[in-house]
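What follows is a set of notes on a single structure, which appears directly below.
Remember, predicted model here, so these are calculated numbers, not experimental data.
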Amino acid sequence: MPVLYLIALLLIAVIAANIVKPFIPRVPEALVLIAVGGLFTFIPLFKNFELDPEFFLFLIIAPLMFQEGQGISFTTIKKHANAIIQLSVILALFIVAVVAVITDQIQSEWPLTLAIALAAIVVPTDAVAVKSMTTGLKMPKGLNQSLELESLFNDATGIVLLDLALSVYTKGSFNLVDGIGQFLLVALGGLIVGAIASGLIIALRLYLSFHASSAQATTIPLNILTPFVIYLLAEHLGVSGILAVVAAGILHNYEQSRMQLIATESRVVSGTIWETITTLLNGIVFVILGLSLPKILNLIGTFGFEKSLGLFWLALLIYLAMFAARFLWVSFQKQDRLEGFFGKHQTKDRLQRAQIFGVAGVHGAVTLALAMSLPTTVHGHPLPFLNEILLVSTLVILISLIVAAFILPLLLEKEEQAYSEKELNQARTDMIDAAIIKMEQRLTDHDTKAAIAQVLQSQKLTTGRPKGHDEQASLALLSQISDELQLYLDDLINQGYDQDIVERYSRFLQRGLLSPANSRHPLARLNQRIHHYQHEIAWHWKTKTFTKGQRLRYQQELMERNPKVAAKVAQWKDGRQAMLSLNEDVQKAADQLLTAALQRELEEHQNTENVDAVRQLLDRFFRIVAHDYRKEAVSVPTAEYIQAFADEYSHLSTELAAGHVKAAVADELYTEINQAQTLLLMEQGTGEEE
């Protein structure tokens, strides 16, 4: 049970950080998450928090690496294979060598193998953390891709080197040939195991997609479990579990690119699930780092000020050495194949990219996991300098995050927005209103039109802050439509309608629409409701009728006792039917007037929310006249919804071709339409099953 509480609190911490982040937009998300994690240490469950490294690698790192692998196509891997080896192996080995030498020189009492172990721990980079810090900044495309490719594979390099260093420390000897062989076995073995296992799982998923009774219920959970199964299998076989899940992710990407339109619904759902999972897991990584801060502070207290200061300077020197190694490696890199990443050799652009590449070498999740995974004992004896290594590793993570948070905004230009929020909202509103106009012109049934219009109007809530209607403008439009409806009623008398019925309806119209302000005031409405309830209670108490059956019997007995009442009821029923018929005619006329008003305001780029506000008032008025207080759900054919979305597509395409809408805005709205249509069809399908 404590594990469940732990997971729940970690998720709450991520949610809390996301709530706080908008209030401090200049602070990087990673630092906010770390701060929230630090605050959560005051919760008793997190007191003396200890991270299980196997739990961390299996439950957090494995799915993250699998998802990152799914974001890289096999074509990209094949095209940039040389760059991947350069970035993830050669550069990583170079950095490990530099850091190990510096550590060995400064901490001469440390065995060289432990200096190498520390270097292996800090070599993995975290491209996801960099991406969160560069939101809104213009990162060079090729450079961004190089960071992703480096981060994808240098984790395995660090893990293998750490295992190798600890193995040498344990045995007390090192054989170069055996070391290289072990490196290749673990790395290549992980890739092979991941590829084979992933291929089998993909084949099983495809089979289940066509033969399972409920494909989604089997293929989606299978997809979610894939990284965990492959990681455990690879680790059991003694090869790199991290590289195995990366290979599995890449193979899944390849499979999806070949079979794009197979099991599309399952793929959309699983894609959404994975996006949510990875967002939460990335947040949890930094929350855990924040939870580990008290332990780091305790270590500082244990070491004392002088030794802690020395370890801090070591961490800072290691970071500067890694920055210098990355900067120099990019600056002097002459391979033509890498120009797409780093620009042309000996140019100002190359120098700038080298600086960015150096600062963007942020360390995070894997470094933390590797530091926590160090064994506490070797051959029954405590591992020497364990706490020192842990402290230096954590300080390197924090230094890299803080430096990147403040330096990257200085090195990168702000990203130019393809469109403003105002442009997107205006285009969305015009698109929805145009679809409503076409729907109003195409259909005749009012309830169907109202139901579809309500669904389309809900698309405007995408931003969370839809543009409100203007009270005065809405009242002016309401008065205008009321006057036009009055003229329509006068014309009906000339056409032969019963004058008494029309005049009665006209009085309803006068009281209900032409003077709406007072009746809509909250206090006036509350007063009316109180008087209504008083009247209801008094009548029920007087007649002793409290159930529907009692009321019907009372009415029947009253008409039997009093023929005049029976005659009035009969006359009222005849008039009632005529009133309902007239109400339907006026409702149709009001629909036409609203459509014309919407068309006019759309052409004049006015606030069309006024029309929707008036539409709601009119619908309420017509329901009151019809005594239809219980608004029942209207069954709208799915084809009508699809046609409404098609009308949105059509309007958007026309506006895009005419140059009235930017391409980026159109792409965003096309995506919204697709998502809205998919969601609606899923809900319609669920409703039909019920």
* **Pairwise distance CG(Leu162) to CG(Leu374) - rounded to 0.5 angstrom** => 6.0 Å
* To do: Measure from the side-chain N and O atoms of Ser308 to the backbone N and O of Phe305, and report whether any donor-acceptor pair falls under 3.5 Å.
  => no
* Could you tell me whether a side-chain N or O of Thr367 sits under 3.5 Å from a main-chain N or O of Ile121, the two making a donor and an acceptor? => yes
* For Leu33 and Ala17, work out which heavy atoms get closest and say how close. => CD2-CB, 3.3 Å
* To do: Name the orientation class of the two ring planes belonging to Trp274 and Phe66 (parallel below 30°, tilted from 30 to 60°, perpendicular beyond 60°).
  => tilted
* Spacing of OG1 belonging to Thr157 relative to CG belonging to Leu93, to within rounding of 0.5 Å -> 6.5 Å
* To do: For Ser108 and Gln105, indicate whether the former's side chain and the latter's backbone hold a donor-acceptor pair under 3.5 Å.
  => no
* Any luck finding a side-chain donor-acceptor pair between Thr125 and Asn154 under 3.5 Å? -> yes
* Residues Arg326, Glu150: salt bridge by 4.0 Å N-O rule -> yes
* **N/O donor-acceptor pair under 3.5 Å between Ser151 side chain and Leu147 backbone** => no
* Going from CG on Leu251 to OG1 on Thr226, what distance comes out if it is rounded to the nearest 0.5 angstrom? -> 11.0 Å
* Asked: Is the side chain of Ser198 donor-acceptor paired with the backbone N or O of Ala195 at a distance under 3.5 Å, no angle test?
  -> no
* Would you indicate whether Lys131, at its atom NZ, is surrounded by more than 12 heavy atoms from other residues, nucleotides or ligands within a distance under 6.0 Å? => no
* Measuring from Asp104:CG to Leu114:CG, what's the distance to the nearest 0.5 Å? -> 10.5 Å
* Atom of Val359, atom of Val362 and distance for their closest heavy-atom approach -> O-CG2, 4.0 Å
* Asked: Side chain of His363, backbone of Val122: donor and acceptor closer than 3.5 Å?
  -> yes
* Do you know the tightest heavy-atom contact between Thr41 and Gly290? -> CG2-O, 4.1 Å
* Between atom CD1 of Ile61 and atom CG of Leu370, what is the distance when rounded to the nearest 0.5 Å? -> 8.5 Å
* Pair Gln67-Gln70, side chain to side chain donor-acceptor pair (under 3.5 Å): steps then yes or no -> CA-CA 5 Å; Gln67 179 62 6; Gln70 288 192 99; 2.9 Å; yes
* Residue pair Leu281 / Pro63: nearest heavy atoms and the distance that separates them -> CD1-CG, 3.5 Å
* Look at the side chain of Asn144 and the backbone N and O of Pro140, then say whether any donor-acceptor pair between them is shorter than 3.5 Å. => no
* Asked: Are more than 12 heavy atoms from other residues, nucleotides or ligands located less than 6.0 Å from atom NZ of Lys138?
  -> no
* Should the ring pair Phe341 and His80 be called parallel, tilted or perpendicular, given that the plane angle runs from 0 to 90° and is split at 30 and 60? -> tilted
* Given side-chain contact (heavy atoms from CB on, under 4.5 Å), test Leu200 with Leu204 step by step and report yes or no. => CA-CA 6 Å; Leu200 294 174; Leu204 177 60; over 6 Å; no
* Counting only heavy atoms not in Phe94, do more than 12 sit closer than 6.0 Å to its CZ atom? -> no
* Asked: In Å, rounded to the nearest 0.5 Å, how long is the span from CD1 of Ile407 to CD1 of Ile356?
  -> 12.0 Å
* For residues Phe327 and Phe357, establish whether the separation of their ring centroids is below 6.0 Å. => no
* Heavy-atom pair with the smallest gap, counting every atom of Leu149 and Ser88 -> O-OG, 3.5 Å
* Asked: Any donor-acceptor pair under 3.5 Å linking the side chain of Ser167 with the backbone of Asp163?
  -> no
* To do: For the pair Arg350 and Glu339, find out whether any cationic side-chain nitrogen is under 4.0 Å from an anionic carboxylate oxygen.
  => no
* Taking all non-hydrogen atoms of both residues into account, name the closest pair between Ile230 and Ala197 and its distance. => CG1-CB, 3.9 Å
